[in-house]
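A note on names: the letters A, B, ... follow the listed sequences, proteins ahead of strands, and every chain is numbered from 1.
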Amino acid sequence: MPELPEVEHLRRSVDPWLCGAEITAVEVRRADVVCVANLDARTPASQHAPTPLDLPQLLGRGSSVLATDRHGKQMAMRLSSGFILIVQLGMTGTLRLERTDQPLDHTESKHRHVVWTLRRGSHAAAPKTALQDRWRLSFRDPRRFGGITVLDSNEALSKRWSVLGPDALSVGGAVLAAALSSTKRPIKAALLDQGVLAGIGNIYADEALFRAGIHPLRAANALQRREASTLARHIRAILAKAVVQGGSTLRDYRDAFGASGSARQSHAVYGRGGQPCLVCEETLGQITVAARTTVFCPRCQP
DNA sequence: AACACCGCCTGAGCGC
DNA sequence: TGCGCTCAGGCGGTGT
């Protein structure tokens, strides 16, 4: 269950290998994980699609990667063609970097839906070791809740990200308070809404509320300014720590090189319903909020 | 307009 | 050992 930390950790690990690299080939094994936005509207009806879209070209074949970016759980790859690829990991998505001479494990390959072949460009930032001059980037997603979206411009990206709330990794108290003031839903539901705050999923919502001592059913717009600041501080701290640890929230999370997270994240409440609170030993309660399992301490989160 | 809820999809974990 | 069941949940679409 990748949340912001997994996405950011992944972005940081692939960025040096992607920036400046040329995409020599793109293999689309499952076209239905690719969404092409905005392009159809620009195509005159007379030219409309007896010819299927050239997905490999749209996904970067023949161009190079200029930069990577992220907002919330969405990662972007800016291409020299002007197209921008949005990578969403969904529940089970990952990116994997490998040498091209490394055989693809059959089981692993089963859910590789898009495979990019990359070559070191003249301005490549990647270290001159390990992967040599050619490498392969795979988007793997067994459950297919994630996907790749092709955007045709910076404007399209700005528009897409403008509907998201502020990025949770750097959200300040005042900004969070403002975002929460717009809804009377339970605070837990608001935190999960990417339009309110971008990047928080079920795990970190519960963990942040626990540390801030806020009950998950409190109305979002009823939080005191001070509580919003405390919550924002805990959100930033939890996420920043998890980014460094390699987004170890997922039991079998692997970074882009297949290495497991360095230190298993210890969760104070997530997945611990019915067990004693680590602070006060009260039995942790478990309820459903916004159709998500929610664990909290009745005593620490009044 | 704001919000609730459905359903997509597969692997892990469990009981029998 | 192995089968079948349940659960997990991000997010877009639809209903209230």
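Here the SG-CZ distance, from Cys297(A) to Phe210(A), works out to 6.0 Å after rounding to the nearest 0.5 Å. With rounding to the nearest 0.5 Å, the separation of CG in Leu58(A) from CG in Leu151(A) is 11.0 Å.
The side chain of His111(A) places an N or O atom within less than 4.0 Å of a non-bridging phosphate oxygen (OP1 or OP2) of dG11(B). Phosphate proximity of dA8(C) to Thr293(A): present, with a side-chain N or O under 4.0 Å from OP1 or OP2. Contact check, Gln88(A) against dC11(C): a side-chain N or O comes under 4.0 Å of OP1 or OP2. Taking only side-chain nitrogens and oxygens, Thr92(A) never comes nearer than 4.0 Å to OP1 or OP2 of dC9(B). For the OP1/OP2 pair of dG10(C) and a distance below 4.0 Å, the side-chain nitrogens and oxygens of Tyr204(A) include no atom meeting the criterion.
Closest to the Arg185(A) side chain, of the nucleotides dA8(C), dC3(B), dG10(C), is dC3(B). Closest contact between the side chain of Pro142(A) and the listed nucleotides dG11(B), dG9(C), dC9(B) involves dG11(B). Listed candidates were dT10(B), dA8(C), dC8(B). Nearest to the side chain of Arg144(A) is dT10(B). Relative to the side chain of Leu192(A), the nucleotides dA8(C), dG10(C), dG11(B) differ in distance, and dG10(C) lies closest. Comparing dG11(B), dG12(C), dC8(B) against the side chain of Phe145(A) picks out dC8(B) as the nearest.
Under the 4.5 Å side-chain contact rule for hydrophobic residues, Val269(A) and Tyr204(A) do not share a cluster.
Of the residues near DNA chain C, Lys73(A) and Gln286(A), the one whose nearest nucleotide (by heavy atom distance) lies more toward the 5' end is Gln286(A). Ranked by how close their nearest DNA chain B nucleotide is to the 5' end, Arg292(A) and Lys184(A) are led by Lys184(A).
Following rounding to the nearest Å, Leu191(A) (CG) and dC3(B) (P) show an atom-to-atom distance of 14 Å. Here the C1' atom of nucleotide dG10(C) and the CD1 atom of Ile86(A) are 16 Å apart, to the nearest Å. Atom-to-atom, CZ of Arg272(A) to C1' of dA8(C) comes out at 19 Å; the value is rounded to the nearest Å. In this entry the distance linking CG of Leu4(A) with P of dG10(C) reads 13 Å, nearest Å. The separation between Leu89(A) atom CG and dG10(C) atom P is 12 Å, rounded to whole Å. In this entry the distance linking CG of Asn202(A) with P of dC11(C) reads 12 Å, nearest Å. Between the OH atom of Tyr270(A) and the P atom of dA8(C) there is a distance of 8 Å, given to the nearest Å. Counting to the nearest Å, the P atom of dG7(B) and the CE atom of Met91(A) are 18 Å from each other.
Contact of Arg143(A) with dG10(C) (side chain to base): no donor-acceptor pair of N or O atoms is detected under 3.5 Å.
A donor and an acceptor atom, one from each side chain of Arg96(A) and Ser138(A), are nowhere located under 3.5 Å apart.
Exactly one residue among Asn202(A), Asp206(A), Ile287(A) makes a side chain to side chain contact (heavy atoms under 4.5 Å, CB included) with Arg292(A). That residue is Asn202(A).
Residue-environment remark: CZ (Arg29(A)) exceeds the threshold of 12 foreign heavy atoms within 6.0 Å.
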